[in-house]
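Encoded as structure tokens, the structure appears first; notes follow it.
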Amino acid sequence: MYDMIIIGAGPAGISAAIYGKSRGKKVLVLEKKQVGGLIGTVSTVTHYTAIIREESGKTFAERMKEQALSAGVEIRYENVTETKLTGEIKKVVTDKESYESKTLILANGGSGRMLGIPGENLKGVRLNAPKDGLNYKGKSVYVIGGADGAVKEAIYLAEIAGKVTIVCVEDELACIQEFKDKVAVHNNIEIMPHSSLTAVYGNEAVEELEFIDNKTGKKKIVKDAECGVFVYAGIVPNTQMYTELKLEDSYIPVDDSMQTEIPGVFAAGDIRVKKVRQVATAVADGAIAGIQAAAIC
């Protein structure tokens, strides 16, 4: 029996665990893949207070893990398959074991949104910039998305690839001004505005890409064998298993204490209803959830 089980080891989950542990609680973190969540997969971490110079998602995640383990937090790498949220004792079932706790914090964030287009599963599509970028040194890459996360990765890839094309549905980039300014100084970045990637063709790897102009409806086929396609089309919250909760657009509503409608069940980070999804707000959510959960168990 645990005092607190946290599903997800991203910034929100690790923050909640550290605060819960500091209050003398028996805490378990369950993580499907690795500590860090989505932030652990990005090329650079920006704007978070007190990050180290040239902070990458990998280094950020490593330091989070080290801090949690040093605090005595127990982390198990298991895939959660079922939860029982109602009742005084919460139950969590994984692919390896089942657990019980007095409180539960849902912090398993979101997954990258699929485009749902033909050829999306071809080799060379849905790549990860820091992991796969070097494979496209001097080649062409396409970054799908014009928001902050997409443009930040495009800037990173511009130092490696021969040409970077940012494909965005808006008339112009939807990112912050800092990133727009950085794009402007890279001669090898091209912006394809009001456009969408609608299909990818090839035998095993990408050979041709089909785009549509969202204003004119005109389609364009681009032959670009050996190119890479990096998709940053937003996230889908990982709430599918939480059938006992009422959701808003697939996100979990919470109060100021990060508590859901079910007593003893909290939600923190990207998985909850909120306006700003940043590392800073995820960590704040986790701190609040960890403190409030500890207070009732």
Side-chain angles (χ1 to χ4, degrees), residues 8-15 31 33-68 107 109-113 124-168 170 172-191 227-235 269-270 274 276-286:
I14 292 298
S15 176
E31 168 56 42
K33 295 181 179 178
Q34 66 274 327
V35 172
L38 285 179
I39 196 65
T41 67
V42 303
S43 59
T44 53
V45 178
T46 55
H47 310 129
Y48 186 75
T49 306
I51 52 176
I52 62 174
R53 186 182 296 275
E54 297 183 356
E55 182 85 275
S56 69
K58 183 178 180 180
T59 60
F60 190 79
E62 287 173 347
R63 292 193 297 114
M64 282 202 302
K65 179 180 178 180
E66 180 182 358
Q67 184 179 359
S111 301
R113 186 183 299 276
V125 183
R126 296 187 59 79
L127 300 173
N128 175 283
K131 179 182 178 181
D132 304 305
L134 287 175
N135 294 330
Y136 295 88
K137 186 173 183 179
K139 299 179 181 180
S140 296
V141 300
Y142 297 82
V143 174
I144 313 302
D148 290 349
V151 178
K152 181 167 66 174
E153 299 308 299
I155 294 167
Y156 170 80
L157 289 167
E159 302 295 334
I160 302 170
K163 181 181 178 182
V164 178
T165 301
I166 303 176
V167 183
C168 58
E170 298 87 357
E172 60 180 31
L173 297 179
C175 62
I176 59 175
Q177 189 61 46
E178 176 187 333
F179 295 156
K180 290 180 180 179
D181 293 341
K182 289 181 177 180
V183 166
V185 301
H186 283 87
N187 295 326
N188 63 335
I189 296 182
E190 178 182 300
I191 301 170
C227 71
V229 181
F230 297 78
V231 180
Y232 299 98
I235 67 167
D270 287 351
K274 60 194 300 186
V276 179
R277 290 186 170 85
Q278 296 286 329
V279 176
T281 61
V283 168
D285 288 354

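Bear in mind that the values here come from a model prediction, so they are computed numbers and not experimental data. Heavy-atom basis, side chains included; hydrogens, waters and symmetry copies ignored. For this chain, numbers begin at 1 and follow the sequence in order.
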Closest contact, heavy atoms only, I51 versus H47: CD1-N, 4.1 Å

Considering residues at least two apart in sequence or located in another chain, which fulfil the side-chain hydrogen bond (donor to acceptor under 3.5 Å, both in side chains) criterion with Q177? D181

Tell me, with the steps shown, if R63 and Q67 meet side-chain contact (heavy atoms from CB on, under 4.5 Å). CA-CA 6 Å; R63 292 193 297 114; Q67 184 179 359; over 6 Å; no

Under 3.5 Å: donor-acceptor pair, side chain of D270, backbone of R277: no

Restricting to non-hydrogen atoms, name the atom on A161 and the atom on V141 that form the minimum distance, rounded to 0.1 Å. CB-CG2, 3.9 Å

Within 6.0 angstrom of E66 CD, more than 12 heavy atoms from elsewhere: no

Test side-chain contact (heavy atoms from CB on, under 4.5 Å) applied to V183 and I155, step by step: CA-CA 6 Å; V183 166; I155 294 167; 4.0 Å; yes

Would you say E62 has more than 12 foreign heavy atoms packed within less than 6.0 Å of its CD? yes

From CA spacing to verdict: side-chain contact (heavy atoms from CB on, under 4.5 Å), I191, C168: CA-CA 8 Å; I191 301 170; C168 58; 4.1 Å; yes

Report the C-alpha separation of S56 and T44 in whole Å, then their side-chain angles, then the decisive distance to 0.1 Å, and conclude whether the side-chain contact (heavy atoms from CB on, under 4.5 Å) test is met. CA-CA 4 Å; S56 69; T44 53; 5.7 Å; no

Can you pull out every side-chain hydrogen bond (donor to acceptor under 3.5 Å, both in side chains) where at least one residue sits in residues 151-162? Sequence neighbours excluded, please. S43-E153, E159-H186

Looking at P11 and V283, what are the two nearest heavy atoms and their distance? CB-CG2, 3.8 Å

Does atom NZ of K163 have more than 12 heavy-atom neighbours from other groups under 6.0 Å away? no

Taking A12's backbone N and O only, do any of them form a donor-acceptor pair with S15's side chain (distance below 3.5 Å, no angle check)? no

Looking only at non-hydrogen atoms, find the nearest pair between A61 and G40 and report the distance. CB-CA, 4.2 Å

NZ/K58: more than 12 non-hydrogen atoms of other groups inside 6.0 Å: no

Between F230 and D132, what is the shortest heavy-atom contact and its length? CE2-CB, 4.4 Å

For residues T46 and F179, report the shortest heavy-atom separation together with the two atoms involved. OG1-CZ, 3.9 Å

Side-chain contact test, heavy atoms from C-beta onward, threshold under 4.5 Å: evaluate it for I39 versus F60 and give yes or no. yes

Report the distance from atom CD1 of I235 to atom CG of L38, rounding to the nearest 0.5 Å. 6.5 Å

With a cut-off of 6.0 Å (strictly less than), are more than 12 heavy atoms of other residues, nucleotides or ligands near NZ of K180? yes

